[in-house]
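Start at 1 and go down the list; that is how both ligands and their atoms are numbered. Only a predicted model underlies this, so the values are computations on that prediction, with no experimental measurement involved. Reckoned from all heavy atoms, side chains included, excluding hydrogens, waters and symmetry mates.
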Amino acid sequence: MFTLPQKDFRAPTTCLGPTCTQDQGSGHGDDLEGECSRKLDQKLPELRGVGDPAMISSDTSYLSSRGRMIKWFWDSAEEGYRTYHMDEYDEDKNPSGIINLGTSENKLCCDLLSRRLSQSDMQRVEPSLLQYADWRGHLFLREEVARFLSFYCKSPVPLRPENVVVLNGGASLFSALATVLCEAGEAFLIPTPYYGAITQHVCLYGNVRLAYVHLDSKGVKVKGLILISPQNPLGDVYSPEELQEYLAFAKRHRLHVIVDEVYMLSVFEESVGYRSVLSLERLPDPQRTHVMWATSKDFGMSGLRFGTLYTENRDVATAVASLCRYHSLSGLVQYQMAQLLRDHDWINQVYLPENHARLKAAHTYVSEELRALGIPFLSRGAGFFIWADLRKYLPKGTFEEEMLLWRRFLDNKVLLSFGKAFECKEPGWFRFIFSDQAHRLCLGMQRVRQVLAGKSQVAEDPPPSQSQEPSDRRR
Ligand SMILES: Cc1ncc(COP(=O)(O)O)c(C=O)c1O
């Protein structure tokens, strides 16, 4: 257990907005020296989670305080997404609908996936698939996951099926791990900006908070560290040396480390040199290192809901498996996933090369559009996102202006994610998702251009009537 602050506490940080304005580069933005190269701000922490007064202010007699907190997340965190679903763009049926450049999904390979998932080897119905199974997942699937991760993570030794738990997606896994690793009110450290929905994942069931690494903390017990590589929204990947330093840091403080590698096969620039934590010769603290992967991003199947945990810690695996009673996959889907993951020929020869080529082309298109607009951006060759610096469109440089600009995009029928949703320290950063079909990207960028051309009005607009801050912090 580790309690902050200690006077000279240092924790590693990932690349923050202001230091990352170049539009190219590879690898992780910061070098670590010793415990950490970067001095942390001397501010009090921003903790997110249960107990934030804002969460429980809306009263309803139908709900418990816990229910109100849970509802608060829904009300406040998904405005952009809800608006989008009421008016989704469709080329034929709703051409003036909203283009979604805000949700981190890969829509580039639906054709390949639907062909593969429609083949005859995917269709099997047998009694065992229709009955209750081991909550960790059927053994045939856990064996396949272990083989898959051993191969694609380049593990020095074969990974073991007994260390695998499968469940319905990365979000559930965050939720389960937070619940089984922490007491209510404890926290995980997380470098910012980060995939903001984790706030919700760790809080809803587990009542666990996040302590942002750009800050010191006050008296909250930190139980673990969350590392995402490739990172969302920055696309950064950690080098083996950086991974070792983070893991050694965590070991010194007896912290759990959750390593989220859900974008590991979405590295489309070879020069990036991505390395999975499971490829390391030796983990400093294997009992406290827990790796997650899912098909949501790397196989563009966020609607299918498949995720997996790899941990050598039997207690953690068993506790998570116990929660899988509420988060398991149907037997039929488990069967399909095993068939998919075992088909290395298709993955290596068809899917990955095509997926990477399409990601690269889409990335090039959006990068060029941004360059033409004179917008600096961070581009790492991994993931589905470009982290763009729109600070010049905020005359006063405030988060209110950032929100107004976001609304203006939405009003002009293009959904983006703004930096505040990722707890970016500095107003003016936006995440653009580029992993979509060319015609949608083209129309989306056209709408972005229109808004930016009318930029002078942004700061003068009256504040919106809603008191809550909108967010697309889910994905
Ligand atoms: C870094 C990261 N981890 C986990 C998830 C959640 O994935 P899933 O859809 O499998 O729940 C996301 C979704 O955006 C993500 O970006």
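Taking every heavy atom of Ala294 and a limit of under 4.0 angstrom, the matching atoms of ligand 1 come to 10 (O). Near Ile228, meaning under 4.0 Å from any of its heavy atoms, are these atoms of ligand 1: 1 (C).
At least one N or O atom of Tyr263, backbone or side chain, sits closer than 3.5 Å to an N or O atom of ligand 1. No N or O atom of Gly169 sits closer than 3.5 Å to an N or O atom of ligand 1. Some N or O of Ala171 is nearer than 3.5 Å to an N or O of ligand 1, by distance alone. For ligand 1, none of its N or O atoms has an N or O atom of Ser302 under 3.5 Å away.
Using a 3.5 Å distance cut-off with no hydrogens or angles, the side chains of Asp260 and Trp293 do not pair a donor with an acceptor. Under the 3.5 Å distance criterion, with hydrogens and angles disregarded, a donor-acceptor pair is assigned to the side chains of Asn348 and Tyr152.
Residue Lys297 places a heavy atom less than 4.0 Å from ligand 1. Ligand 1 has no atom lying under 4.0 Å from any heavy atom of Met292. Residue contacts with ligand 1 leave out Phe306, since none of its heavy atoms falls under 4.0 Å from the ligand.
Of the charged side-chain nitrogens involved, at least one lies within less than 4.0 Å of a carboxylate oxygen, so that Lys71 and Asp75 count as a salt-bridged pair. Checked for salt-bridge contact, Lys221 and Glu183 miss the test: no charged N lies under 4.0 Å from a carboxylate O.
A cation-pi contact, defined as under 6.0 Å to the ring centre and within 45° of the axis, links Lys420 to Phe399.
Shown here are the side chain to side chain donor-acceptor pair (under 3.5 Å) partners of Thr83, two or more places apart in sequence or in another chain: there are none.
Pairs of residues two or more places apart, or lying in two chains, that qualify as salt bridge (Lys or Arg N to Asp or Glu O under 4.0 Å) and include a residue from residues 138-147 are Asp134-Arg142, Glu144-Arg147, Glu144-Arg342.
When Leu173, Asp260, Leu167 are ranked by how near their heavy atoms come to atom 3 (N) of ligand 1, first place goes to Asp260.
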